[in-house]
Amino acid sequence: MLLTHLDQSEMDFLQQIKKELSLETNDEVIKRVAAVLQALRQTLTRENANELVNQLPDFLKLAFIGNWDKNEAIVTVNHLDELVSLIQVRDIRSGKNYFTSEVQILSIAILTLKKLLQFNDLKNFKGLSPYIIQQLNEISAEEIAA
């Protein structure tokens, strides 16, 4: 992915995740963000997924639609811990092993979803669990870093 076309807020997002998770490269960040977005996509109907992808900034659209199996089963998640489990299962199944722990998955999921809340009006997005949105709103930046 070409990072030269990103605006400052998008670069700041990547740098924040890179710093918080002690990752070496932007490529490592993008792979993990993509894993979160693709797991999130699996929790949405095709209609909701299409609606969300149209709301995403360009640099996240490719991450969201990557490896999209249109026949994959929709998984219902109502809490962040269920999303973390889904991300972990997908990571293990893919053999990519992007994540070293559930804590790392939770951190990147929170950072990614909180950024989506800033980029989009996800509070009113019908495809995302209101409980997850509530959990995200209750988590501060200090708690993510802890």
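Just so we're clear, the structure is a prediction, and the values are computed from it rather than from any experiment. Nothing fancy with the numbering, it's 1 onward along the sequence.
With hydrogens and angles disregarded, no donor-acceptor distance shorter than 3.5 Å links the side chain of Thr112 to the backbone of Ala109.
Rounding to the nearest 0.5 Å gives a distance of 11.5 Å between CG of Leu14 and CG of Leu111. Note that CG of Leu128 is 8.5 Å distant from CG of Leu116, once rounded to the nearest 0.5 Å. To the nearest 0.5 Å, atom CD of residue Glu20 and atom CD1 of residue Ile110 are 11.0 Å apart. A distance of 8.0 Å separates NZ of Lys18 from CD of Glu24, quoted to the nearest 0.5 Å. With rounding to the nearest 0.5 angstrom, the CD1 atom of Ile105 is 9.5 Å from the CD1 atom of Ile108. In this structure, the separation between OG1 on Thr45 and CG on Asn50 is 8.5 Å, given to the nearest 0.5 Å.
When all heavy atoms of Gln135 and Asn78 are compared, the closest pair comes out as OE1-O, 4.5 Å. Scanning both residues, Lys61 and Asn54, for their nearest heavy atoms gives NZ-O, 4.1 Å. Shown here for Asp69 and Arg41, the closest heavy-atom pair between the two residues is N-NH2, 4.4 Å.
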**OP:** Decide side chain to side chain contact (heavy atoms under 4.5 Å, CB included) for Phe13 and Val29; before the verdict, give the C-alpha distance in whole Å, the side-chain angles of both, and the deciding distance to 0.1 Å.
**Re:** CA-CA 10 Å; Phe13 166 60; Val29 175; over 6 Å; no

Subject >> Intermediate values then yes/no, side chain to side chain donor-acceptor pair (under 3.5 Å), Asp12 and Gln8 >> reply: CA-CA 6 Å; Asp12 291 345; Gln8 190 58 48; 2.7 Å; yes

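The side chain to side chain contact (heavy atoms under 4.5 Å, CB included) search around Leu44 returns Asn48, Ala49, Leu52, Phe64, Phe125, not counting sequence neighbours. Partners of Ser101 by side chain to side chain contact (heavy atoms under 4.5 Å, CB included), not counting sequence neighbours, listed by chain and number: Val103, Gln104. Residues passing the salt bridge (Lys or Arg N to Asp or Glu O under 4.0 Å) test with Lys19, sequence neighbours excluded: none.
Under the ring-ring contact (aromatic ring centres under 6.0 Å, His included) criterion, the residue pairs touching residues 67-95 are His79-Tyr131, with sequence neighbours excluded. Sequence neighbours left out, the pairs with a member in residues 81-94 that pass side chain to side chain donor-acceptor pair (under 3.5 Å) are Gln42-Arg90, Glu72-Arg90.
Using a 4.5 Å heavy-atom threshold, the side chains of Val77 and Ser129 count as separate. Considering only heavy atoms from C-beta on, Ile139 comes within 4.5 Å of Leu80 through its side chain. The closest side-chain heavy-atom distance from Thr43 to Thr76 is not below 4.5 Å. Ile74 is not listed as a side-chain neighbour of Arg46, based on a closest heavy-atom distance of 4.5 Å or more. Contact of the Leu113 side chain with the Ile133 side chain is not registered, since no non-hydrogen atoms from C-beta on lie closer than 4.5 Å. Residues Ile30 and Phe59 have side chains not in contact (no heavy-atom distance under 4.5 Å, counting atoms from C-beta outward).
Criterion: ILVMFWY side-chain heavy atoms under 4.5 Å apart, direct or through other members. Under it, Ile87 and Ile92 are not part of a common hydrophobic cluster.
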Only distances under 3.5 Å count here; give the side-chain donor-acceptor pairs of residues 31-38 to other protein atoms, sequence neighbours excluded, each with its distance to 0.1 Å.
{"from": "Lys31", "atom 1": "NZ", "to": "Asp27", "atom 2": "OD2", "distance (Å)": "3.2"}
{"from": "Arg32", "atom 1": "NE", "to": "Tyr98", "atom 2": "O", "distance (Å)": "2.8"}
{"from": "Arg32", "atom 1": "NH1", "to": "Glu28", "atom 2": "O", "distance (Å)": "2.9"}
{"from": "Arg32", "atom 1": "NH2", "to": "Tyr98", "atom 2": "O", "distance (Å)": "2.7"}
{"from": "Gln38", "atom 1": "NE2", "to": "Ala63", "atom 2": "O", "distance (Å)": "2.8"}
{"from": "Gln38", "atom 1": "NE2", "to": "Gly66", "atom 2": "O", "distance (Å)": "3.2"}

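When only modelled atom types and interatomic distance are considered, Gln134 and Glu138 share a side-chain donor-acceptor pair under 3.5 Å.
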